[in-house]
Amino acid sequence: MDTINDDQYSPQAVEAAAQQYWQTHKSFKVVEDSSKEKFYCLSMFPYPSGHLHMGHVRNYAIGDVISRFQRMQGKNVLQPMGWDAFGLPAENAAMQRKVAPAKWTYSNIDYMRKQLQQLGYAYDWDREIATCHPDYYRWEQWFFTRLFAKGLVYKKEAEVNWDPVDQTVLANEQVVDGRGWRSGALVERRKIPQWFIKITDYAQELLDDLSKLDEWPEKVRVMQSNWIGRSEGIELSFDVAAQTAEQYRSMSVYTTRPDTLMGVTYVAVAPQHPLALLAAENNPELAEFVRQQTNIKMAEAEMATMEKLGKPTGLQAIHPVTGELLPIYIANFVLMSYGSGAVMAVPAHDQRDYEFARKYGLPIKQVIRPADAATAACDLESAAFTDKGILINSSEFDGLHFQDAFDRIEAWLKQRNKGEKVVNFRLRDWGVSRQRYWGAPIPIINCPDCGPVAVPEKDLPVLLPEDVEFDESGSPLKKMPSFYEAKCPACGGDAQRETDTFDTFMESSWYYARFACRDLSDGMLDKRADYWLPVDQYVGGVEHAILHLLYARFFHKLLRDEGLLNSDEPFARLLTQGMVLKDGSKMSKSKGNTVDPLPLIEKYGADTVRLFMMFASPPDQTLEWSDSGVEGGYRFLRKLWRTIASHDHTNTTALQADKLNAEQKQLRYKTHSTLEKVTDDCARRQTFNTAIAAVMELVNTLHKFLEQSADCNDVETRILDNSVVNEALSIIVQVLAPIVPHFSHVLWLQMGHTEAVIDSAWPSVDRSALQQDSVQIVVQVNGKLRARFEVEKNIEKSALEKLALDHEHVRKYTDGANIRKIIVVPGKLVNIVVAD
RNA sequence: GCCCGGGUGGCGAAAUUGGUAGACGCAAGGGACUUAAAAUCCCUCGGUAGUAAUACCGUACCGGUUCAAUUCCGGUCCCGGGCACCA
């Protein structure tokens, strides 16, 4: 190993020394401390795929910089790390390499932990969590049984991708072009019973509380809001003509546009709707249509271009107001899963209804006119008129605007028991069953007599057997009687254990809380969770903007309502970091443009890699990888190292602000204005790129100062020079400490400090150093820059105007012209407005 | 289609509240040191004209507001992300 050389920066030696220090001093172990303000900084934990990629390095560098900055602000900082350890890749590895998923996962964790430690992240490793460990997932199982008891979970049939050759369920990413990724067989949609958690019960609160998240990016809040998709409408019933069987006598539809009720010219139902099935019973052609439409997988991209198709059922609905008979169609654009699986079609005012009506020759009846036009004329030749407006052709509702019409029609329907206002959400309940092996077993026993029964607390955890044989079809749990044979906890009879496992989003929905008390053995969470939560700063990829963050917010509210927590939201401030790009596209194995962090760390050291990543762009923007940019960062550190190493730190004469000459004052001004900017950039703006740029400017200024100082022979001046240089250097080393922690650690000790730089307090700005005697003023003529000069700071406005007007460059443009106005921005600018 | 972002030198970017466009860095070119290379240091570096001082142009495009616009408003084009038959 290299040793630390005083003159030359040797990253390997420096990093080994700093890491050694942190380890022996347990520098990042943290406990609750009511005397300090707490700060919980969390980066999204990784899936242990085998090795870190650049996206991880960036994510964790950002989190680490924030953590270390907050620590120097005097906060009690918790920064934990763990592993999102369940998931499909472990099963694939098991099949490909004949290695048990648990073994594969744990060895990946060991390797990646070393990589993280190499990068010098300030984690409290005593709190490390691996979600595949029974100590973790037992509490998830326990909590699920609590939700079960509360009626917040239920079982229902839901579709899965079924591979008929491998006889197994496929995850969406295992379906390639509609075929199983291994077998190549056409994937079928199959319905099987699965567990759901009632996130829809919390839809309104999840939507409302978005307004509390004022330190989240607007973008993420909008995405969540759209995902929840709240709409207000009316559910109304249409009677179905000539039906004798009770269940077919009426149908209900949901509409957000009850104002268009009088424009309904047909009704459309989903292919899976009971009336569709009824009509298909004695009609082979309809049956075939229903079968076809049901079998089509929800292939996302094609849906957009999919042609609107339909068939008349031969049935008729009765218009609730006019009594008119309306044909009922089966239409492929109506979804059984939204509203009631049926829509009232208003072709004049809905684009889909319009296209469908055009195609099948159905009437188009205008009932809304534009609110701002004097006439009812609007062009229905090529498209529907979908704006809200004023009702026409609607008998007693004519002339009403949207909201009045909504209310009046709702009242009319309600009075006759034909409809009422309802709120609908796009959000669906959360399906948590996965037909996979490498996940947390769902703690339920299915009894032929009692139905599904929760595993009692004393029998938890339901352990996932770790030594398993993988053949290539389906979950091994289904072939292990020793796992699935069980006695019913309620009646004691023979029963079968659930062999499905949880969606891995379950584990990642509460890990942030468990970090507060991960050693707790007799409970899920304790009071420590309330000390640390909410997470003050959460950092992770924007790809988790919807699902993970929504599930975690939901889980937090579930935990709160179970009395385990007392806050409403898990993450106070959110930073979504941008992707790492190379040659303009995302780094990925398939594109072959990945850059492995390890060789870079070996060549330049972790600090250079961290510095480049923080410097190249703001954290929330994409980062364009550049080898020469890394080189530049290395150059900066080497140069700064030499400067500090060659500086005499033994001369520690106290700084005497009142004795400084102009140059010395100027350096102090630069030092403290930089400190002020860097502090703001790190805390409020989180633009670490500009913070680093500001430090680089200060270093450049310092170098010029040192050059001049070297030429000076006056002893008194040299001593004062040294004092302002000392101050600048120590501030530089401190403000860089969060970004290049090893570098700063070693230099700080070399500068003669006895405490570690991580334990030093962030320096404070000396306001008096920011006082300037003179300022630079720019002069514009008609907004164009014409001159600049220095003036005394407190100059009178009239004197300033005179100086500006007398300037030779200005007079070229003002002589002989008529001066109409002079605008003065104090301390900055004079703009002279002239006319010819 | 809808909803968000974004478009600034050769490149990554900066300009925080409308007030000096291009900070900081990379690349490039020139020079110093060196037998040489590496490293280091110095100079130039948006475009056009000019030895220069300087002038004109310039933040995707067109228009507007303003003493003043990269920043605000209206329209157009392009790029990125998200959502998507949601009634």
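Worth saying up front: this structure is predicted, and the values here are computed from it rather than measured.
With B:rA55, B:rA23, B:rU20 as the choices, the nucleotide that has an atom nearest any side-chain atom of A:Gln776 turns out to be B:rU20. Relative to the side chain of A:Trp227, the nucleotides B:rA14, B:rU16, B:rC83 differ in distance, and B:rC83 lies closest. Side-chain proximity of A:Ser628 to the nucleotides B:rA27, B:rC86, B:rU16 is greatest for B:rA27. For A:Arg638, the listed nucleotide lying nearest its side chain is B:rA39; candidates were B:rA39, B:rC85, B:rA87. Looking at the side chain of A:Val825, the nearest of the listed nucleotides B:rG19, B:rA55, B:rC83 is B:rG19. Listed nucleotides B:rU16, B:rA84, B:rA87 differ in distance to A:Arg352; the shortest reach to its side chain belongs to B:rA87. You'll find that the side chain of A:Ala616 is closest to B:rG12, out of B:rU20, B:rA87, B:rG12. In this structure, of B:rA23, B:rC86, B:rA13, it is B:rA23 that holds the atom nearest to the side chain of A:Glu697. Side chain of A:Ser231, nearest nucleotide from B:rC67, B:rA14, B:rA87: B:rA87.
Using a cut-off of 4.0 Å between Lys/Arg side-chain N and Asp/Glu carboxylate O, A:Lys421 and A:Glu410 are scored as not salt-bridged. Ion pairing between A:Arg811 and A:Glu808 fails under the 4.0 Å rule for side-chain N and carboxylate O. Ion pairing of A:Lys582 with A:Glu624 is absent here, as no side-chain N (NZ or NE/NH1/NH2) approaches a carboxylate O to less than 4.0 Å.
If you take atom P in B:rC24 and the same atom in B:rC45, they sit 13 Å apart, rounded to whole Å. B:rC26 and B:rA13 are spaced 16 Å apart, taking the P atom of each and rounding to whole Å. Separation of the C1' atoms belonging to B:rG7 and B:rG12 is 15 Å when rounded to the nearest angstrom. Comparing the P positions of B:rC41 and B:rG58 gives a spacing of 38 Å, expressed to the nearest Å. Annotation: B:rG31 and B:rA37 have their P atoms spaced 13 Å apart (nearest Å). With P as the reference atom, B:rC79 and B:rU44 are 40 Å apart, rounded to whole Å. Rounded to whole Å, the separation between the P atoms of B:rC2 and B:rU48 comes to 42 Å. Comparing B:rA27 with B:rG9, their C1' atoms are spaced 12 Å from each other, to the whole Å.
With the nearest nucleotide of RNA chain B identified for both A:Glu624 and A:Asn700, A:Glu624 has the one nearer the 5' end.
Atom CZ in A:Phe688 sits roughly 19 Å away from atom C1' in B:rA23 (whole-Å rounding). The nearest whole Å value for the distance from the CG atom in A:Asp681 to the P atom in B:rA14 is 11 Å. One can place CG of A:Leu637 at 13 Å from C1' of B:rG25, the figure rounded to the nearest angstrom. The NZ-P distance, from A:Lys828 to B:rG18, rounds to 11 Å in whole Å. In this structure, A:Arg820 places its CZ atom 12 Å from P of B:rU66, rounding to the nearest Å. One atom, CZ of A:Arg685, and another, C1' of B:rU17, lie 13 Å apart when rounded to the nearest Å. To the nearest angstrom, P of B:rU54 lies 10 Å from NE2 of A:His807. Whole-Å rounding puts the A:Arg230 CZ to B:rA87 P distance at 13 Å.
Stacking of A:Arg573 on the aromatic ring of A:Trp216 is not recorded, the 6.0 Å distance cut-off and the 45° axial limit not both being met.
With its glycosidic angle within 90° of 0, B:rG9 adopts the syn conformation.
Taking only distance into account, the side chain of A:Lys677 meets the base of B:rU16 through a donor-acceptor pair shorter than 3.5 Å. Between the side chain of A:Arg642 and the base of B:rU40, no donor-acceptor pair under 3.5 Å is found.
Summarising the local packing, CZ of A:Arg428 is surrounded by more than 12 heavy atoms from other residues, nucleotides or ligands at distances under 6.0 Å. Other residues, nucleotides and ligands contribute over 12 non-hydrogen atoms within 6.0 Å of the NZ atom of A:Lys359.
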Apply the test ring-ring contact (aromatic ring centres under 6.0 Å, His included) to residues A:Phe615 and A:Phe688: give CA-CA distance (whole Å), side-chain angles for both, the deciding distance (0.1 Å), then the verdict.
CA-CA 7 Å; A:Phe615 177 60; A:Phe688 308 102; over 10 Å; no
Given ring-ring contact (aromatic ring centres under 6.0 Å, His included), test A:Tyr604 with A:Phe612 step by step and report yes or no.
CA-CA 11 Å; A:Tyr604 299 107; A:Phe612 168 73; 9.9 Å; no
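Between the side chain of A:Thr313 and the backbone N or O of A:Leu315, at least one donor-acceptor pair lies under 3.5 Å.
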Where each pair must be Watson-Crick or G-U wobble with both distances under 3.5 Å, what dot-bracket representation of RNA chain B is obtained, with crossing pairs in [ ] and other-strand partners as |?
(((((((..(((......[....))).(((((.......))))).((((....))))..(((((..]....))))))))))))....
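Counting any heavy atom pair closer than 4.0 Å across all strands shown, A:Arg221 reaches no nucleic acid atom. Within the 4.0 angstrom heavy-atom criterion, base atoms lie near A:Val778. Across all strands, A:Phe615 comes closer than 4.0 Å to base atoms (heavy-atom distances).
In this pair, A:His548 and A:Phe505 present their aromatic rings parallel. The plane angle is below 30°, not in the 30 to 60° band.
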